[in-house]
Engineer: 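This is the structure I want to talk about, given as structure tokens.
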Amino acid sequence: MPELPEVETIRRSLQPLLVGRAVKTILVRETRLRRPVNVRQLRKWIQGHTITALNRRGKYLLWQMDNGSRLLIHLGMSGRLGYCAGPEELEPHTHLCLGLDNGAQVRYRDPRRFGCVQAVAPNERCGLLQGLGPEPLSADFTADYLYDALHGSRRPVKAALMDSRMVVGVGNIYANEALFHCGIAPQRPAGTLSHEQWERVIESVIRVLQRAIRKGGTTLNDFRNGLGEPGFFQTDLSVYDQEDQPCQRCGRPICRVVLQGRSTYYCPACQK
DNA sequence: CAACCGACCTGGCGGC
DNA sequence: TGCCGCCAGGTCGGTT
């Protein structure tokens, strides 16, 4: 479900409600996520402490606590975080409930259980965050960097964009969309792009992510922000899930192929 | 070693 | 109506 714009949307919706609040109770109803939830660590480092900031790194949400620890949450494919002001009925697949000092709860739901919830001790470096590439909306995401890093690479440019060691936060939807907007074919070997083409790729990635954030993310099925509200970027999708639909630029049908085991959409006429 | 591929899960949908 | 196969926004570890 969530790529960078969706995680950022959740972050922005929850931040004003969480910062300054203490986590009083932690209820873990299911520990079998992608990696087992370590309940002891959660109680030790998170329970009883106050949230000082809500940050994001790629697709990870990072709750900064006043003792220097962090609560790291990844939503996988189907994860949701929801703020409940009152004692609403628990929805299915609610694996974690964090009770706040104002009586509200933050609930983590994840039917497929591909997500991750982990407490990181103060000053501990978290393995999951090691080796991540630059943020696409930061000054580190440059054509120089990508041109050098992918020089000589024969892997498809789309695979490179979706590799979190290259750049974080770009998933299947936005990789497809960005490549359409800069006119580069997804299967094009990354090492064949010129410096100027990387500049256009970067410009497209940034623009599509920013527009998606402005629209509150893409709700294909079930994405909701922390307040339960959907996003609206799905109406702006140019190629993702648009097989056989006319290309916006040339009118020829959008093609779907499978690349790296992922559905890949593009216009063979407009993208070279 | 870069690059590919299956595995991890549940739910929803289309086809028969 | 119901069953079956396929597909899904993401990683990661093992294999080639």
Side-chain angles (χ1 to χ4, degrees), chain A residues 1-10 29-37 56-61 72-81 91-95 108-118 126-133 136 148-179 186-192 205 208-209 212-213 215-225 230-244 256-265:
Chain A
M1 174 207 306
E3 302 182 32
L4 185 151
E6 289 73 37
V7 178
E8 178 63 16
T9 296
I10 292 174
R29 305 179 70 242
E30 173 62 81
T31 60
R32 296 171 305 161
L33 302 188
R34 185 143 213 286
R35 352 175 65 87
V37 178
R56 179 188 59 72
R57 176 79 173 99
K59 298 169 188 168
Y60 291 93
L61 273 177
L72 174 150
I73 297 181
H74 193 292
L75 298 172
M77 291 277 257
S78 56
R80 284 204 220 178
L81 267 193
E91 295 180 277
H93 307 292
T94 301
H95 306 316
Y108 172 80
R109 294 176 59 204
D110 186 4
R112 293 175 75 179
R113 310 205 313 265
F114 285 176
C116 174
V117 174
Q118 186 180 315
C126 173
L128 295 173
L129 301 178
Q130 298 294 306
L132 292 182
D148 290 345
L150 293 165
H151 178 71
S153 169
R154 273 164 294 109
R155 67 201 297 222
V157 58
K158 175 168 179 264
L161 282 182
M162 292 177 66
D163 182 346
S164 62
R165 293 168 305 181
M166 285 299 131
V167 56
V168 294
V170 181
N172 202 27
I173 293 180
Y174 299 111
N176 279 298
E177 291 297 308
L179 288 171
Q187 54 276 75
R188 181 90 178 264
T192 67
V205 167
V208 76
L209 293 179
I213 291 170
K215 290 250 182 168
T218 299
T219 297
L220 292 179
N221 250 330
D222 52 4
F223 168 71
R224 293 292 187 276
N225 69 17
F232 297 97
F233 192 72
Q234 60 277 13
T235 59
D236 290 29
L237 295 176
S238 298
V239 287
Y240 184 82
D241 207 18
Q242 305 298 312
E243 185 178 15
D244 295 333
R256 173 186 181 270
V257 295
V258 176
L259 211 58
Q260 318 276 295
R262 312 299 299 273
S263 279
T264 299
Y265 303 87

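Below, read A as the first sequence line, B as the second, and so on, with proteins coming before strands; counting in each chain starts at 1. This one's a predicted model, so the numbers in the text were calculated from it and none came from an experiment.
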Engineer: Taking all atoms of both residues into account, what is the closest heavy-atom pair of A:Gly133 and A:Val168, and its distance?
Structural biologist: O-CG1, 3.5 Å
Engineer: Quick check: do A:Met162 and A:Gln260 have side-chain heavy atoms less than 4.5 Å from each other?
Structural biologist: no
Engineer: Can you tell me if A:Arg155 touches the phosphate of B:dA3, counting only side-chain N or O atoms and a distance under 4.0 Å to OP1 or OP2?
Structural biologist: yes
Engineer: Does A:Leu128 reach a base, just sugar-phosphate, or nothing at all? Heavy atoms under 4.0 Å.
Structural biologist: sugar-phosphate
Engineer: How far apart are the C-alpha atoms of A:Glu6 and A:Tyr174, what are their side-chain angles, what is the distance that settles it, and do they pass the side-chain hydrogen bond (donor to acceptor under 3.5 Å, both in side chains) test?
Structural biologist: CA-CA 11 Å; A:Glu6 289 73 37; A:Tyr174 299 111; 2.5 Å; yes
Engineer: Partner lookup for C:dA8, please. Criteria are Watson-Crick or G-U wobble with both distances under 3.5 angstrom; report none if nothing qualifies.
Structural biologist: B:dT10
Engineer: Does the side chain of A:Arg35 get closer than 4.0 angstrom to OP1 or OP2 of C:dT11 through an N or O atom?
Structural biologist: no
Engineer: Between A:Tyr265 and A:Gln242, is any pair of side-chain heavy atoms under 4.5 Å apart?
Structural biologist: no
Engineer: Can you tell me how far the CG atom of A:Leu33 sits from the NE2 atom of A:His95, to the nearest 0.5 Å?
Structural biologist: 6.0 Å
Engineer: Would you indicate whether the side-chain heavy atoms of A:Leu220 and A:Ile173 approach each other to under 4.5 Å?
Structural biologist: yes
Engineer: Using only side-chain N and O atoms of A:Ser153, determine if any of them is under 4.0 Å from OP1 or OP2 of B:dA3.
Structural biologist: yes
Engineer: Would you indicate which nucleotide in B:dA3, C:dA8, C:dG10 comes nearest to any side-chain atom of A:Arg154?
Structural biologist: B:dA3
Engineer: Report which part of the nucleic acid A:Gly261 touches: base, sugar-phosphate, or nothing (heavy-atom distance under 4.0 Å, all strands).
Structural biologist: nothing
Engineer: Quick one, give me the B/S/- string for nucleotides 7-14 of chain B, reading 5' to 3', where B means a protein heavy atom under 4.0 Å from the base and S means that only happens at the primed atoms, P, OP1 or OP2.
Structural biologist: BBBBS---
Engineer: Provide the distance between the two P atoms, one in C:dC7 and one in B:dC5, to the nearest whole Å.
Structural biologist: 15 Å
Engineer: What is the separation between atom CD1 on A:Ile173 and atom P on C:dA8, rounded to the nearest whole Å?
Structural biologist: 11 Å
Engineer: Using purine N1 to pyrimidine N3 plus N6-O4 or O6-N4 for Watson-Crick, or N1-O2 and O6-N3 for G-U wobble, each under 3.5 Å, what pairs with B:dA3?
Structural biologist: C:dT15
Engineer: Within the structure provided, determine whether A:Phe233 and A:Val208 are in side-chain contact (heavy-atom separation under 4.5 Å).
Structural biologist: yes
Engineer: Within the 4.0 Å heavy-atom criterion, would you say A:Asp222 contacts the bases, only the backbone, or no part of the nucleic acid?
Structural biologist: base
Engineer: Taking C:dG9 as the reference, what is the distance to B:dA3 when you measure between their C1' atoms (whole Å, please)?
Structural biologist: 23 Å
Engineer: I need the CG-P distance between A:Leu129 and C:dT11, as an integer number of Å.
Structural biologist: 12 Å
Engineer: Which whole-number value in Å describes the distance from A:Leu4 CG to C:dG10 C1'?
Structural biologist: 14 Å
Engineer: Measure the distance from OH on A:Tyr174 to P on C:dA8 and round it to the nearest whole Å.
Structural biologist: 17 Å
Engineer: Need one value for A:Arg256: base, sugar-phosphate or nothing, where a base atom within 4.0 Å counts as base even if backbone is also close, heavy atoms only.
Structural biologist: sugar-phosphate
Engineer: P atom, B:dC9 versus C:dG14: distance in rounded Å?
Structural biologist: 16 Å
Engineer: Can you tell me if A:Tyr240 touches the phosphate of C:dG9, counting only side-chain N or O atoms and a distance under 4.0 Å to OP1 or OP2?
Structural biologist: yes
Engineer: Report the distance from atom NZ of A:Lys158 to atom CG of A:Asp163, rounding to the nearest 0.5 Å.
Structural biologist: 12.5 Å
Engineer: Does A:Arg262 have a side-chain nitrogen or oxygen under 4.0 Å from the phosphate oxygens OP1 or OP2 of C:dC7?
Structural biologist: no
Engineer: Can you tell me how far C1' of C:dC12 sits from CD of A:Gln260, to the nearest Å?
Structural biologist: 14 Å
Engineer: Just the rounded figure in Å: distance from P of C:dG9 to CZ of A:Arg224.
Structural biologist: 18 Å
Engineer: Specify the separation, in whole Å, of atom CD of A:Gln118 and atom P of C:dT11.
Structural biologist: 15 Å
Engineer: When the distance from CG of A:Leu161 to P of C:dG10 is rounded to whole Å, what number comes out?
Structural biologist: 13 Å
